[in-house]
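Per chain, numbering begins at 1; letters A, B, ... match sequence-line order.
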Amino acid sequence: MKPYRNAAWLLMLPAVAVMGFVAVLPLVAVFNYSFHDIFSLDSASWVGADWYTAIMLSPRFWTSLCRSAAFSALALGVQLPLGIGVALMLRGAGPRVAILMLMCVALPLAVPANMIAGLWLALVRSEGLAGQALAALHFDFDYKFTAAHTWILILLVDTWHWLGLVVVLAYAGLTSIPPAYYQAAAVDGASRVAVFRLIELPMIAGTMWIVLLLRLVDTFMIYTEVMMINAGGPQDATTFLSLDLGEEIKAYSYGTAAARAMVDFLIVLTVVWIFVQLRKSDQSAGTEPI
Amino acid sequence: MNRASLLTLLACGALAGFILLPLAQAVVLSFTSTLGTPEMPAGALGFHNYVNIFQTPALRASIINSLIYVLLNVAFCLLAALPAAYALARYQFVGDRHFLILLLAFRVTPSVVLSLPIFILFSRAGLVNSPLGIALVHCVFNLPIAIWILESFIAAIPRAYDEMAFIDGHSGPSFFARFLVPAIAPGIAVAAFFCFIFSWVEVVFARILTVTGGKPITMAISALFSFQTDWGLVMAMTVFSMLPGVLMIFLIRNHIARGFVVRT
């Protein structure tokens with residue numbers, strides 16, 4: 001058990017100061033702006049909860065919200081099973097192959113965020129490798145005007161970018177399982193499925209929770225890639241929550257933008273809260289690694 | 001070779017193909033003259049795009065700008081995270097769990113949400129167009145990561161190690177510098193890697209905080225897009241900007257799989 005010492009806060013001071021300046025202070029400011037009508041920063045008038053009412057009554061907000069939720073569900077449904085599957089495969093392939101492949105899947109993390117989509121656009125345009133291959137197959141891939149194709153491209157790009165994080169952390173969880181567990185399972189004659197369900201999954205759960213949360217929030221608020229690929233089109237088919245917010249900021253409507261930012265922040269906060277509660281019950285159920 | 005390992009080999013090959021395909025095309029394009037000049041007709045191969053990077057003052061400056069704020073950010077994050085991670089790993093105190101939850105909340109807060117007030121706040125503090133501003137603001141998402149990673153590495157060291165150092169008369173900064181840092185060196189490398197990467201590739205804050213000057217690499221690449229985009233130069237710049245990240249991935253390859261556990 002760790003000793004109880006409030007003096008430890010002294011060691012926290014630098015971190016608290018930095019987070020206070022770059023995170024808490026701006027958040028308080030957004031909260032304040034969201035109750036004002038702001039023409040310029042010197043002339044703001046109090047409007048109460050007007051912006052919030054307007055957002056709640058706007059059908060556009062609710063459609064964006066559903067769209068973002070759908071995209072998150074789709075992206076997580078693809079990336080988590082795929083990432084865990086790859087990690088399991090690498091665990092079986094031995095450390096040398098595994099490290100080589102981990103380095104490979106981590107590469108997209110080093111690409112500048114605004115070029116992630118750029119690399120793929122270069123690939124699927126008519127002169128690109130994939131563009132030529134698709135043309136040779138007589139497949140009419142049109143991400144500019146066919147909504148389904150835009151969604152597929154965004155999903156593909158996001159998976160390409162972030163699969164590495166899922167694989168690396170899942171692999172990290174798997175390698176921390178003591179060999180004795182596997183030996184015990186072998187003695188019991190447990191099937192491969194049983195080993196995964198009863199040993200591997202519970203043991204990597206601790207690591208996978210954070211991957212789930214990071215991916216959930218990042219896909220829910222995906223911005224740069226979507227903006228680059230089709231700027232929310234065709235006909236708003238890929239206008240997610242963050243694109244709406246970005247538009248309001250660009251239009252200099254600070255008051256509404258601040259209220260939207262607050263709503264988006266509250267959604268994220270709710271997700272984090274649910275996450276923490278779930279983890280608590282998960283830990284008390286005794287599925288955490290010992 | 002049995003069937004299972006053949007399947008593994010095929011799957012690894014397919015995955016590597018998927019990951020490397022866009023990068024391979026980028027590398028090929030970066031050596032190709034895409035617009036064509038009198039000396040270099042379109043389609044010709046060579047190093048001219050890379051030479052071009054160093055002959056364009058805006059691109060050269062952007063590399064320096066990016067390097068300055070990313071290194072500053074890594075320094076800030078490590079310096080602030082190390083004592084905090086130590087406190088969280090070794091002691092219980094009032095509000096420690098709330099602090100961790102807050103840290104998690106800020107890590108996942110979308111940049112767009114904070115971009116507006118950060119711009120206003122930083123322009124009042126004179127931090128716009130300066131690498132210092134970007135280095136500070138990137139702490140929003142990097143400091144939590146650094147704290148989590150360092151905390152899990154420190155927690156893995158037995159407390160007796162600290163007590164031995166204290167008995168030898170080391171405390172405060174001398175304990176951190178001479179005992180703790182060497183003991184968790186791989187953890188510091190992993191934390192530095194994640195801070196470096198996330199700061200290097202970030203665009204939302206980097207864009208709003210560089211209105212007229214101090215443009216980073218990401219913004220310099222965006223500025224290259226025009227009616228007639230020189231894709232060769234764009235790709236050369238992209239490939240070039242990946243080099244530090246790729247080098248770091250290679251250097252920490254044996255520690256990258258340690259991962260980190262987020263405490264809540």
Side-chain angles (χ1 to χ4, degrees), chain A residues 2-6 8-9 11-12 14-15 18-19 22-23 25-26 29-30 86 89 93 99 101-115 119-120 122-123 128-129 168-169 171-172 175 206-207 210 217 221 223-224 242 245-246 249 254 257 261 264-265 268-269 272 276 279, chain B residues 8 11-12 15-16 19 22-23 25-26 76 79-81 83-84 86-87 90-94 101 104-106 108-110 112-118 120-121 136-137 139-140 143 147 197 201-203 217-218 221-222 231 238 241-242 245-246 249-250 253-254 256-259 261-262 264:
Chain A
K2 292 185 284 190
Y4 200 92
R5 256 185 76 183
N6 279 328
W9 269 109
L11 291 168
M12 307 286 288
V18 171
M19 288 314 271
V22 298
L25 213 55
V30 176
V86 170
M89 183 183 79
I99 286 181
M101 288 304 290
L102 287 180
M103 278 163 50
C104 177
V105 290
L107 281 180
L109 295 175
V111 179
N114 55 347
M115 280 308 291
L119 287 180
W120 280 87
L123 201 62
L129 288 173
V168 167
L169 292 181
Y171 181 81
T175 46
T207 333
I210 184 61
V217 177
M221 284 290 166
Y223 181 76
T224 315
S242 53
L245 175 57
I249 293 178
Y254 289 161
D264 292 353
F265 178 70
V268 169
L269 211 58
V272 170
V276 171
R279 268 209 78 178
Chain B
T8 307
C12 283
L15 180 65
I19 298 289
L23 297 173
Q25 169 167 292
F76 290 161
L79 286 177
Y86 182 78
R90 290 292 192 245
Y91 302 109
Q92 287 183 297
F93 42 92
V94 182
I101 292 175
L104 183 61
F106 283 129
V108 296
T109 301
V112 218
V113 167
L114 294 175
S115 57
L116 176 65
I118 284 204
I120 296 167
L121 184 72
L136 274 175
V137 80
C139 290
V140 176
L143 191 55
I147 292 180
I197 287 279
V201 302
E202 200 272 344
V203 285
I217 290 182
T218 42
I221 295 178
S222 290
W231 280 96
T238 306
S241 75
M242 284 183 65
V246 173
I249 290 176
F250 181 74
R253 66 190 178 283
N254 290 320
I256 199 173
R258 270 249 347 230
V261 176
V262 176
T264 49

Engineer: What part of A:Met115 gets closer than 4.5 Å to chain B, counting heavy atoms only: side chain, backbone, both or neither?
Structural biologist: side chain
Engineer: Below 4.5 Å from any heavy atom of chain A, which atoms of B:Ile217 appear? Answer side chain, backbone, both or neither.
Structural biologist: neither
Engineer: Please flag which part of A:Leu107 lies under 4.5 Å from any non-hydrogen atom of chain B: side chain, backbone, both or neither.
Structural biologist: both
Engineer: Using the test side-chain hydrogen bond (donor to acceptor under 3.5 Å, both in side chains), find all partners of B:Tyr86 that sit at least two apart in sequence or belong to another chain.
Structural biologist: B:Asp162
Engineer: Which atoms of A:Leu123 are under 4.5 Å from chain B, going by heavy atoms: the side chain, the backbone, both sets, or neither?
Structural biologist: both
Engineer: What part of B:Tyr91 gets within 4.5 angstrom of chain A, counting heavy atoms only: side chain, backbone, both, or neither?
Structural biologist: both
Engineer: Any donor and acceptor pair, going by atom type alone, linking the side chain of A:Asn6 with main-chain N or O of B:Val94 inside 3.5 Å?
Structural biologist: yes
Engineer: Which answer fits A:Val217, side chain, backbone, both or neither, if we ask what part of it has an atom under 4.5 Å from a heavy atom of chain B?
Structural biologist: side chain
Engineer: Just so I know, are the side chains of A:Ser242 and B:Pro110 near enough to count as touching, which here means a heavy-atom distance under 4.5 Å?
Structural biologist: no
Engineer: Fit a plane to each ring of A:Trp9 and B:Phe93, take the angle between them on a 0 to 90° scale, and name the class: parallel (under 30°), tilted (30 to 60°) or perpendicular (over 60°).
Structural biologist: perpendicular
Engineer: Checking B:Leu143 against chain A: side chain, backbone, both or neither under 4.5 Å from a heavy atom?
Structural biologist: side chain
Engineer: Considering only heavy atoms from C-beta outward, does the side chain of A:Pro112 approach that of B:Thr238 to under 4.5 Å?
Structural biologist: yes
Engineer: Which atoms of B:Ala16 come close to chain A, meaning under 4.5 Å heavy atom to heavy atom: side chain ones, backbone ones, both, or neither?
Structural biologist: both
Engineer: Does A:Val105 have any side chain to side chain contact (heavy atoms under 4.5 Å, CB included) partners at least two apart in sequence or in another chain, and if so, which?
Structural biologist: A:Val167, B:Leu15, B:Ile19
